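The structure under discussion appears below in the form of structure tokens.
Since we're looking at a predicted model, the values are computed, not measured. Per chain, numbering begins at 1; letters A, B, ... match sequence-line order.
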2 protein chains.
Amino acid sequence: MRDAVDGISDQWARALPDLDVTPMHVVGRLSRASRLLERGIKDHLAARDLEPWEFDSLLTLLRSNPEHTMCMKDVTAAMLVSPATLTNRMDRLVERGLVTRSQAPGNRRMVLVTLTDEGARLATEIVYSHVANERRMLDALDPAEQELLAGLLRKLLHSLGDG
Amino acid sequence: MRDAVDGISDQWARALPDLDVTPMHVVGRLSRASRLLERGIKDHLAARDLEPWEFDSLLTLLRSNPEHTMCMKDVTAAMLVSPATLTNRMDRLVERGLVTRSQAPGNRRMVLVTLTDEGARLATEIVYSHVANERRMLDALDPAEQELLAGLLRKLLHSLGDG
DNA sequence: GTCGAAAGATTCGATGTCGAAAGGTTGGGT
DNA sequence: ACCCAACCTTTCGACATCGAATCTTTCGAC
């Protein structure tokens, strides 16, 4: 069973025989798998009129705490995006009525964002089918393989500073 | 040894106890690992005044065949980007003198792109340190673990249609 | 108290990406 | 011969993202 990266590896063996491309076997596949999964998620959400970034935002707040409230800085860290991007995203979620902005009591530098009732309802409603969609995309791996894969990735992530 | 996804998993257990988030253990980590690796690659290339998309383009042509020539369609498939994006990318690589455009003999629908001597020289010069950088980022996993990880990802990619 | 540095969010400008539409080319069916 | 559907690339418009600069607020040093 060969995949696209096997083909790329063969090409390198012909083009630069002295280049050891072993690291690409992992990095290349991680990159491609991530993009293909992202595409599958996007397609699933499109049927519900949601962009991936909108859904990510809602889920981040939904799981944060019972009040569904976070400050901008913490959201940027959780979502791995720049502050500028987050300001823009929250602007549009506020416009759609899924999120509200407010001042943090005791520290006027911070801005708090909170899910509205509709935002929480929408996120809760969709997260189940979203996870089901992810499960379907991982079907090729049995539970033991998925656990093994998750464990290896955890080790890698830890070394990359994602703790 | 816990990572960020373990923390997210805990949050879900508190927020929606009846939601089985097992698929996120894999999908979430794949997504985060891919983004962190991409960041490391970007930083490494920035020191050489190259953007990741420029480097990807050069490598795709370098390994393609001894003539370093491909048609646009094949490049889009290899790089997983839209045709519109590729036209834009090749425009700028031609401007930088790293790539040339030409008509395919016998089929005027196709446009061929070819590495210039400087493009091939630049790509060949940088690919070695690039792979070394990837190897360094994977250091936390020993060779057997890397092979195991690559094998699991291959199986997943194959089922996602990346053959 | 006051000043200066650091923290946090926003604005601004530039850029990269995509989807849809358009333009030219090819080949098959009749 | 001709047409039409499929193919390949490019153009166009919309939009998301980021880095750098800006603005306000906070906190510590003195």
Residues, nucleotides or ligands: over 12 heavy atoms within 6.0 Å of [X] [atom1]:
X: A:Arg2; atom1: CZ; value: yes
X: A:Asp117; atom1: CG; value: no
X: A:Arg101; atom1: CZ; value: yes
X: A:Glu125; atom1: CD; value: yes

Please report the distance, rounded to the nearest Å, between [atom1] in [X] and [atom2] in [N].
X: A:Gln103; N: C:dA7; atom1: CD; atom2: P; answer: 20 Å
X: B:Met90; N: D:dC8; atom1: CE; atom2: P; answer: 17 Å
X: B:Phe55; N: C:dG16; atom1: CZ; atom2: P; answer: 18 Å
X: A:Leu80; N: D:dT17; atom1: CG; atom2: P; answer: 13 Å
X: A:Arg89; N: D:dC18; atom1: CZ; atom2: C1'; answer: 12 Å
X: A:Lys42; N: D:dC15; atom1: NZ; atom2: P; answer: 13 Å
X: B:Arg39; N: D:dG19; atom1: CZ; atom2: C1'; answer: 13 Å
X: B:Asp56; N: C:dG16; atom1: CG; atom2: C1'; answer: 14 Å

Between [X] and [N], is there a contact of a side-chain N or O with OP1 or OP2 at under 4.0 Å?
X: A:Arg92; N: D:dA16; value: yes
X: A:Thr85; N: D:dT17; value: no
X: B:Arg101; N: D:dT10; value: yes
X: A:Arg108; N: D:dT26; value: yes

Which residue lies toward the 5' end of DNA chain D, A:Ala84 or A:Arg109, if each is placed at its nearest nucleotide?
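The residue closer to the strand's 5' end, by nearest nucleotide, is A:Ala84.
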
Could you say whether B:Pro83 or A:Ser82 is positioned toward the 5' end of DNA chain D, judged by the nucleotide with the nearest heavy atom to each?
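In this pair, the answer is B:Pro83.
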
Would you indicate what A:Asn107 reaches in the nucleic acid, counting non-hydrogen atoms under 4.0 angstrom: base, sugar-phosphate, or nothing?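 Sugar-phosphate, no base atom in range.
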
Review point. Going by atom types alone, do B:Ser82 and B:Thr85 pair a side-chain donor with an acceptor below 3.5 Å?
Key: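 Checked: B:Ser82/B:Thr85 side chains pair up, N/O donor to acceptor below 3.5 Å.
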
Kindly determine whether B:Tyr128 and A:Asp20 satisfy side chain to side chain donor-acceptor pair (under 3.5 Å), including the steps that lead there. CA-CA 9 Å; B:Tyr128 290 94; A:Asp20 174 13; over 6 Å; no

Go nucleotide by nucleotide along DNA chain C from the 5' end; which of A:Asn88 and B:Glu51 gets its closest nucleotide reached first?
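Per heavy-atom nearest nucleotide, the more 5' residue is A:Asn88.
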
Position toward the 5' end of DNA chain C (nearest nucleotide), A:Met110 or B:Leu86: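 Nearer the 5' end of the strand: A:Met110.
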
query = Do you know which of A:Leu152, A:Leu153, A:Leu149, A:Leu141 makes side chain to side chain contact (heavy atoms under 4.5 Å, CB included) with B:Leu153?
reply =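 Single pass found, and it is A:Leu149.
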
Under the rule of Watson-Crick or G-U wobble with both distances under 3.5 Å, where | means paired to another strand and [ ] a crossing pair, DNA chain D maps to ||||||||||||||||||||||||||||||

The side chain of A:Lys73 is closest to which nucleotide in this list: D:dT9, C:dT10, C:dG8?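 Per side-chain heavy atoms of A:Lys73, the pick is C:dG8.
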
Exercise for the section: Using a 4.5 Å cut-off on heavy atoms from C-beta on, say whether the side chain of A:Val113 contacts that of A:Thr100. Expected result: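 Not touching, per the 4.5 Å side-chain cut-off.
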
